[in-house]
Amino acid sequence: MTEADFLNSTRASYDAMALDYDERFRDELAAQTLERAVFAGFAELVRNAGGGPVADVGCGPGRVTAHLHGLGLSVYGIDLSPRMVELARREHPGLRFEEGSMLALDIPDGTLAAVVAWYSTIHIPQERLPDAFAEFHRVLAPGGYALVGFQVGDEQRVYTEAFGHEVSLTFRRWQPDRIAELLTEAGLPVHARTFREPERWEPTPQASLIARKPLPPADDQTTDDQPAGDPATDDPPAGDPAAGNPGATR
C-alpha cells in the first residue's frame with residue numbers, strides 16, 4: 001500500500017463512521033481515571049514550562065482537545081478526516097480544528113509547546129513512525145513535550161467493518177520500549193511512561209509516553225519545572241521526577 005492509499009483509506013473510513021464513533025466514545029473519558037490523571041500531569045508539565053500552543057494530532061471529534069483546554073492548555077485539533085473535523089467544530093465551537101496529517105504538519109518549525117498523539121499513531125505503518133516523530137520534533141520548541149498513547153502488543157488488526165459501515169483500517173499495536181526508542185532517535189527522550197492492564201471492553205494493555213525536546217545547553221540549567229538549588233546555600237534540590245492512558249479511541 002502506498003502512502004496515498006493508506007492515508008486515503010484511513011480518511012475515508014473515519015469519514016464514513018464519524019457520527020457513530022462520536023456517539024459511542026463521546027463520554028469515554030468519564031470512565032478513564034488513569035487517563036485523566038495522565039492528561040492532568042501532562043498539562044501541568046506544559047504549563048510549568050511556560051505554556052504555549054498545543055496541537056492534538058489525530059483529534060477525531062475533539063473530546064481530548066476539549067479536555068486539555070479545560071486543563072488550561074492553549075490547544076487546537078488536527079485530523080485527517082474532514083468529517084471528524086466538522087464534528088469537532090460543531091461539538092466544541094469555541095476551539096480551533098483543522099484538517100492535516102501528522103506526516104506533514106502545516107506548522108512552522110519550533111513553535112509548539114506540546115504535541116498530543118492520543119491513539120492516532122495506531123494507523124501509521126511501522127516504517128513511517130520515525131517520520132511522524134521527526135515531524136513532532138520539528139514543530140516543537142526546545143523544551144516542548146510530546147504525549148503518545150497507544151495499545152500494547154506486537155500484532156496488527158485489519159477491520160473491514162465498524163459501526164455498520166464498510167471501512168479499511170489497520171490498527172497497529174506497539175511495545176512501549178520500541179516507541180520510546182523511536183522517540184529518542186527522533187530527538188525526543190522519554191520523560192515518563194504509564195502502563196495498565198485492559199479494562200472493560202479493551203482487548204489489550206494500554207500505554208502512554210511523555211517525551212521532551214531538549215532545551216539548549218545554556219538554557220538547561222534552570223527551568224520553570226526544574227527549580228534551581230537554594231540560593232542561600234547553593235545546595236541542589238532533591239529530585240522529584242514523577243508524572244502521570246486508555247481505550248483505543250481518539
Side-chain angles (χ1 to χ4, degrees), residues 10-11 13-15 17-102 105-107 111-123 136 139-140 144-151 162-163 192 194 196 199-202 206-210 243-250:
T10 302
R11 181 186 296 110
S13 295
Y14 277 103
D15 277 351
M17 65 178 179
L19 282 171
D20 296 291
Y21 179 100
D22 181 37
E23 182 177 348
R24 168 64 180 83
F25 295 114
R26 182 177 300 169
D27 300 319
E28 188 67 14
L29 270 176
Q32 295 180 321
T33 303
L34 292 178
E35 283 75 0
R36 296 197 310 274
V38 170
F39 290 138
F42 176 75
E44 184 171 348
L45 287 171
V46 175
R47 294 195 310 268
N48 286 350
V54 177
D56 179 12
V57 181
C59 65
R63 65 188 184 91
V64 169
T65 317
H67 186 76
L68 292 172
H69 174 74
L71 292 173
L73 296 186
S74 179
V75 59
Y76 68 101
I78 301 171
D79 201 88
L80 189 64
S81 161
R83 188 68 175 122
M84 285 291 191
V85 170
E86 179 185 336
L87 280 174
R89 288 171 176 167
R90 187 180 72 191
E91 295 285 337
H92 312 287
L95 299 179
R96 170 183 157 204
F97 297 93
E98 56 190 49
E99 295 176 37
S101 166
M102 69 174 67
L105 293 168
D106 187 17
I107 300 171
T111 55
L112 294 185
V115 172
V116 177
W118 198 247
Y119 290 80
S120 52
T121 61
I122 62 175
H123 301 305
F136 295 176
V139 300
L140 283 171
Y145 288 94
L147 171 60
V148 182
F150 52 95
Q151 295 177 331
F163 302 108
T194 61
R196 70 161 173 79
E199 296 178 353
R200 300 175 295 143
W201 49 266
E202 296 168 344
Q206 314 291 321
S208 65
L209 302 179
I210 296 175
N245 160 28
T249 63
R250 300 181 300 168

Interatomic distance, NE2@H69 vs CG@L95, rounded to 0.5 Å, equals 5.0 Å
Between W118 and F150, does the ring centroid distance fall short of 6.0 Å? no
In sequence, state the C-alpha distance, the side-chain angles, and the governing distance for R26 and E91, and then conclude on salt bridge (Lys or Arg N to Asp or Glu O under 4.0 Å). CA-CA 10 Å; R26 182 177 300 169; E91 295 285 337; 3.4 Å; yes
Against V115, only a single residue in D56, L105, V54, V57 fulfils side-chain contact (heavy atoms from CB on, under 4.5 Å); can you say which? V57
Apply side-chain contact (heavy atoms from CB on, under 4.5 Å) to F136 and L112, showing your working. CA-CA 9 Å; F136 295 176; L112 294 185; over 6 Å; no
Taking R89 for the side chain and F97 for the main chain, is one N or O donor matched with an acceptor at less than 3.5 Å? yes
Between CG of L68 and CZ of R63, what distance do you get to the nearest 0.5 Å? 10.5 Å
Looking only at heavy atoms, the pair that brings V46 and A114 closest together is CG2-CB, 3.8 Å
Are any side-chain N or O atoms of D79 and backbone N or O atoms of M84, one a donor and one an acceptor, separated by less than 3.5 Å? no
Side-chain (R47) to main-chain (L71) donor-acceptor, under 3.5 angstrom: yes
Nearest 0.5 angstrom please: S208 OG to L34 CG, how far? 9.5 Å
I'd like to know whether L147 forms a side-chain contact (heavy atoms from CB on, under 4.5 Å) with F39, so could you lay out the CA-CA distance, the side-chain angles of the two residues, the decisive distance to 0.1 Å, and finally the verdict. CA-CA 9 Å; L147 171 60; F39 290 138; 3.8 Å; yes
Are the charged groups of E202 and R196 less than 4.0 angstrom apart, N to O? yes
Parallel, tilted or perpendicular: which one describes the rings of Y145 and F42, with boundaries at 30° and 60°? perpendicular
Any chance you could measure T194, atom OG1, to L209, atom CG, to the nearest 0.5 Å? 7.5 Å
Any donor and acceptor pair, going by atom type alone, linking the side chain of R96 with main-chain N or O of G77 inside 3.5 Å? no
Evaluate whether atom CD of E99 has more than 12 neighbouring non-hydrogen atoms of other residues, nucleotides or ligands under 6.0 angstrom away. yes
Closest contact, heavy atoms only, L80 versus S101: CD1-CB, 4.1 Å
Shortest non-hydrogen contact from A113 to G51? CB-O, 3.4 Å
From the options L19, V85, D22, select the one residue that forms a side-chain contact (heavy atoms from CB on, under 4.5 Å) with P61. D22
Does Q32 reach the side chain of R200, with side-chain heavy atoms less than 4.5 Å apart? yes
Supply the atom-to-atom distance E44 CD to L73 CG, rounded to the nearest 0.5 angstrom. 11.0 Å
Can you check whether A30's main-chain N or O pairs, donor with acceptor, with R36's side chain at less than 3.5 Å? yes
Validation row: V116, T65 side chains within 4.5 angstrom (heavy atoms): no
Centroid-centroid distance, H92 to Y76, less than 6.0 Å: no
Separation between OG of S81 and CG of D15, rounded to the nearest 0.5 Å: 3.5 Å
Side chain proximity check, H123 to Y14, heavy atoms < 4.5 angstrom: yes
Step through the shown structure and confirm whether more than 12 heavy atoms of other residues, nucleotides or ligands are within 6.0 Å of NE2 on H67. yes
Heavy-atom check, side chain of P53 versus side chain of T111, under 4.5 Å: no
